[in-house]
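Quick note: residue numbers are just sequence positions, from 1.
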Amino acid sequence: MRGYFDGDGSIVNSKGKRNNGYKYNNYCFSITSKTFQILSDIKDFLYMENIKSSIIDDGRHNYRLQVTSKKNIKVIFNKLYPAELYLKRKYIKFQNIMEIPC
């Protein structure tokens with residue numbers, strides 16, 4: 001899964017502010033693919049780890065698996081990065097987002 005994330009994945013934190021002044025963070029871990037089946041297999045793996053995910057079809061046969069719960073994204077982070085081989089820039093971005101307080 002780390003290879004797919006390093007190649008076609010992203011981790012983002014979208015900050016926002018509501019009209020009432022409430023500030024919020026939206027977290028999203030995603031992997032994009034033209035192949036639905038590989039994302040379905042990853043989704044099944046995540047489900048076995050009690051991580052809820054969804055697969056979105058953009059209508060042009062591009063699929064995106066996404067996880068939006070910071071708690072679940074943190075579990076993914078801890079599973080992806082005990083290893084020595086990874087794409088450093090994505091690791092650093094992922095690590096920085098995990099350090100943002102909820």
Contact check, side chains of Phe29 and Phe5, non-hydrogen atoms, under 4.5 Å:
yes
Distance (rounded to the nearest 0.5 Å) between Asn13 CG and Ile97 CD1:
5.5 Å
Which residues satisfy the salt bridge (Lys or Arg N to Asp or Glu O under 4.0 Å) test with Lys79, sequence neighbours excluded?
Glu49
Below 4.5 Å, heavy atoms only, C-beta onward: do Met1 and Leu80 meet side chain to side chain?
yes
Here the pair of heavy atoms bringing Phe94 nearest to Ile76 is CZ-CG2, 4.4 Å
Of all heavy-atom pairs between Leu39 and Leu65, which one has the smallest distance, and what is that distance?
O-CD1, 3.4 Å
dist Met98:CE -> Asn78:CG (nearest 0.5 Å) comes out at 9.0 Å
Partner residues of Tyr86 under the ring pair (Phe, Tyr, Trp, His ring centres under 6.0 Å) criterion, sequence neighbours left out:
Tyr81, Tyr91
Hey, is CD1 on Ile92 packed in by over 12 heavy atoms from elsewhere, all under 6.0 Å?
yes
Scanning both residues in full, the closest heavy-atom pair of Ile73 with Cys28 reads CD1-N, 3.9 Å
Donor-acceptor contact present, side-chain Asp6 to main-chain Leu87, <3.5 Å:
yes
Got a donor-acceptor contact below 3.5 angstrom from the Lys90 side chain to the Gly9 backbone?
yes
What's the spacing between Tyr4 OH and Ile38 CD1 if we round to 0.5 Å?
3.5 Å
To the closest 0.5 Å, what do you measure between NZ (Lys52) and NZ (Lys71)?
13.0 Å
Approximate separation, where rounding is to 0.5 Å, of Lys43 NZ and Gln66 CD
10.5 Å
Examine Ile51 and Phe45 and state if one hydrophobic cluster contains both, with Ile, Leu, Val, Met, Phe, Trp and Tyr joined whenever side-chain heavy atoms are less than 4.5 Å apart.
yes
Indicate the atoms forming the closest heavy-atom contact of Asn50 with Asn72, along with that distance.
O-OD1, 3.9 Å
Going by atom type alone, with no hydrogens or angles, which donor-acceptor pairs under 3.5 Å involve a side-chain atom of residues 53-60 and a protein atom two or more places apart or on another chain?
{"from": "Asp57", "atom 1": "OD1", "to": "Gly59", "atom 2": "N", "distance (Å)": "2.7"}
{"from": "Asp58", "atom 1": "OD1", "to": "Arg60", "atom 2": "N", "distance (Å)": "2.7"}
{"from": "Asp58", "atom 1": "OD1", "to": "Asn62", "atom 2": "N", "distance (Å)": "3.2"}
{"from": "Asp58", "atom 1": "OD2", "to": "Arg60", "atom 2": "NH2", "distance (Å)": "3.2"}
{"from": "Asp58", "atom 1": "OD2", "to": "Asn62", "atom 2": "ND2", "distance (Å)": "2.9"}

